[in-house]
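Chain A is the first sequence line, chain B the second, and so forth, proteins listed ahead of strands; every chain is numbered from 1. The analysis underlying the following values was restricted to heavy atoms, covering all of them including side chains, and did not include hydrogens, waters or symmetry mates.
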2 protein chains.
Amino acid sequence: MPLPSSTVENYLKTIFKAQSAQQDRKRLVPMGHLAHALGVVPGTATTMVKALAESGLVDYEPYAGVRLTPAGEKLAALVLRRHRLMELFLVKVVGMSWAEVHDEAERLEHAASDKLIDRIDTMLGCPATDPHGDPIPDSSGSMVTPDYQTLLTCPLGETVVLTRVTDQDATFLRFLEGNSLKPGQMLRVETRDDAADQVVVRGRNNRQIAIGMRAAAKLQVVPAGYGAEAAGVDSPA
Amino acid sequence: MPLPSSTVENYLKTIFKAQSAQQDRKRLVPMGHLAHALGVVPGTATTMVKALAESGLVDYEPYAGVRLTPAGEKLAALVLRRHRLMELFLVKVVGMSWAEVHDEAERLEHAASDKLIDRIDTMLGCPATDPHGDPIPDSSGSMVTPDYQTLLTCPLGETVVLTRVTDQDATFLRFLEGNSLKPGQMLRVETRDDAADQVVVRGRNNRQIAIGMRAAAKLQVVPAGYGAEAAGVDSPA
DNA sequence: ATTATATTTTTGAACAATCAAAACCGATAC
DNA sequence: GTATCGGTTTTGATTGTTCAAAAATATAAT
Ligand SMILES: [Mn+2]
Ligand SMILES: [Mn+2]
Ligand SMILES: [Mn+2]
Ligand SMILES: [Mn+2]
């Protein structure tokens, strides 16, 4: 019952995110996926997951996969809370770029005390989302994950608000920033061309921006003026 | 040559502080002292120190003790820099109490990147001392450690400025704060009574404060108006 | 010099986390 | 049903960090 190591925290967080990413979040996460996401060989993940199961943090079915127990889910959500609050803090208070805060938070999330995190939460006014639009769990570990549409699935021609970016790669984030593609930005999808693998959107100052479909799928949106505030969009300007 | 683990960083920092604390800072630090300061058994310290010697970070003489090499000294100073800048940041920007920032910084010092530390340094205006008056090494790892007098050794009756507190215990720090005994505060030592183990000082609002000699030795001072600014005192009000 | 005491080192073992490579299982394909 | 193949688990080993207890050393006392 000692406090979980950062290794354990990372395993739980990764399982949590993998479960959230699949449509049925009660399904088992395959060992291979987990190992790949953590950058370890599959055998290592198996060993670790068996230990986590022993501690009651996950359910483990050999050859099938792993799933968080309620206890594991709560712990994972609190790690995610520390991560996302820390990211927003680094952007808003410290003035770091949204492209670099992920790596920083990846380490700080294991070192910051609950006291510090609560202080940050208060200082930021109990925010609902982080700089990338990811929802921030509350201090009890619960979180709402709205099922947004993406620039690939939203209706053509209608104005939408960018709400979430589901890729933390620094280069990608810098590209988006250079094109004013940050959460809160209003957009309209002009055309989609499957053959050319291209989506053209009109963004800030009516400027046209063309991006590939792989990238477009990483940009989540809501219809303009509908639930934008509820989704935590800061400045729908 | 991988980056040093937090365990290694803690060993180096502890050796550094032990060397600084002894009058001749080139003397060897006994294994027993090191082990006690780190909260490990002596055998553990011996094992670790031999590994550090292998990496060229310390000089180790069996049965005599350990001392930092120039490489180890630089690394240690940079850990201390991260620790102290983080403490000041937590007090000044995050609004935490000076009594609780030490424990927090004890973990954050291993997680914060150089980029974050530089950002904090700039934000704070490249401060010379932390909330407890401890000097902050610069980014090259050099640091001046003035040899202050204490409330036990300073002249009676003369006005002095409190510059440094050499004990991080939270309860002690809260006691000091409750009596306005923080760096920058002007004081006068009225009486010293060896038999009663008591030092009486006159502090803020001419209020009299009596403390034991053990505690008085932990409060470092400089003559008022002389080198106070150079020592990084913030508000000699 | 001999003895006693305190400190230090060594030895043997443990735990956490990891990998490489061999063995294994399960879902398809024939 | 047997062969095949990707994913999974086992096995055996390594590294880092730690402890308990035994052995060794240095220093101080007699
Ligand atoms: Mn992130
Ligand atoms: Mn994020
Ligand atoms: Mn400190
Ligand atoms: Mn300090």
Side-chain angles (χ1 to χ4, degrees), chain A residues 1-15 18-19 21-22 27-68 72 75-76 79 106-107 109-111, chain B residues 1-15 18-19 21-22 27-68 72 75-76 79 106-107 109-111:
Chain A
M1 351 299 200
L3 66 153
S5 69
S6 43
T7 302
V8 166
E9 292 189 338
N10 282 332
Y11 272 81
L12 296 178
K13 192 181 59 163
T14 304
I15 297 168
Q19 274 185 253
Q22 62 202 8
R27 229 172 40 197
L28 292 167
V29 175
M31 288 296 122
H33 175 80
L34 179 59
H36 178 79
L38 285 164
V40 296
V41 300
T44 301
T46 299
T47 306
M48 192 66 204
V49 160
K50 285 203 287 193
L52 293 178
E54 202 59 36
S55 322
L57 295 170
V58 303
D59 290 329
Y60 168 55
E61 294 181 23
Y63 292 99
V66 63
R67 169 181 36 225
L68 295 174
L75 258 166
V79 178
E106 205 55 53
R107 295 185 312 278
E109 66 188 358
H110 309 294
Chain B
M1 345 297 197
L3 65 152
S5 68
S6 42
T7 301
V8 167
E9 292 189 338
N10 282 332
Y11 272 81
L12 296 178
K13 193 182 60 163
T14 304
I15 298 167
Q19 276 185 252
Q22 61 203 9
R27 229 172 39 199
L28 292 167
V29 175
M31 288 297 120
H33 175 80
L34 179 59
H36 179 78
L38 285 164
V40 297
V41 301
T44 301
T46 298
T47 305
M48 192 65 204
V49 161
K50 286 203 285 193
L52 294 178
E54 203 58 39
S55 321
L57 295 171
V58 303
D59 290 329
Y60 167 56
E61 295 181 22
Y63 292 99
V66 63
R67 170 181 36 224
L68 295 174
L75 260 166
V79 177
E106 205 56 51
R107 295 184 312 278
E109 66 187 359
H110 310 293

Side chain of [X] - closest among [options]:
| X | options | result |
| --- | --- | --- |
| S5(A) | dA17(C), dT8(C), dT9(D) | dA17(C) |
| Y11(A) | dT9(C), dC25(C), dT18(C) | dT18(C) |
| Y63(B) | dA20(C), dT25(D), dG26(C) | dT25(D) |
| P62(B) | dT17(D), dT10(D), dT9(C) | dT9(C) |
| M48(B) | dT9(D), dT8(C), dT17(D) | dT17(D) |
| M31(B) | dC19(C), dT18(D), dT9(C) | dT9(C) |
| V40(B) | dC19(D), dT8(D), dT17(D) | dC19(D) |
| T7(A) | dT18(C), dT8(D), dT9(C) | dT18(C) |

Just verifying a value: how many Å separate [X] [atom1] and [Y] [atom2], rounded to the nearest 0.5 Å?
| X | Y | atom1 | atom2 | result |
| --- | --- | --- | --- | --- |
| D59(B) | L52(B) | CG | CG | 11.5 Å |
| Q22(B) | R27(B) | CD | CZ | 4.5 Å |
| H33(B) | L38(B) | NE2 | CG | 9.0 Å |

query = After noting the C-alpha distance and the side-chain angles of V79(A) and L12(A), does the key distance pass the side-chain contact (heavy atoms from CB on, under 4.5 Å) rule?
reply = CA-CA 9 Å; V79(A) 178; L12(A) 296 178; 5.9 Å; no
ask   = Where each residue is assigned the nucleotide of DNA chain C containing its nearest heavy atom, which of G43(A) and T46(B) is assigned the position nearer the 5′ end?
value = T46(B)
Value in whole Å for how far the [atom2] atom of [N] lies from [atom1] of [X]:
| X | N | atom1 | atom2 | result |
| --- | --- | --- | --- | --- |
| L38(A) | dT8(D) | CG | P | 14 Å |
| L52(B) | dT18(D) | CG | P | 11 Å |
| L3(B) | dT15(D) | CG | C1' | 15 Å |
| E61(B) | dT7(C) | CD | C1' | 16 Å |
| L28(A) | dT8(D) | CG | P | 11 Å |

Using a cut-off of less than 4.0 Å, is there contact between a side-chain N or O of [X] and OP1 or OP2 of [N]?
| X | N | answer |
| --- | --- | --- |
| T47(A) | dT18(C) | no |
| K50(A) | dT9(D) | no |
| T44(B) | dC19(D) | yes |

inquiry  = So G32(B), base contact, sugar-phosphate only, or nothing? Heavy-atom distance under 4.0 Å.
reply    = sugar-phosphate
ask   = When you measure from the side chain of E9(A) to the backbone N and O of H110(A), does any donor-acceptor pair fall under 3.5 Å?
value = no
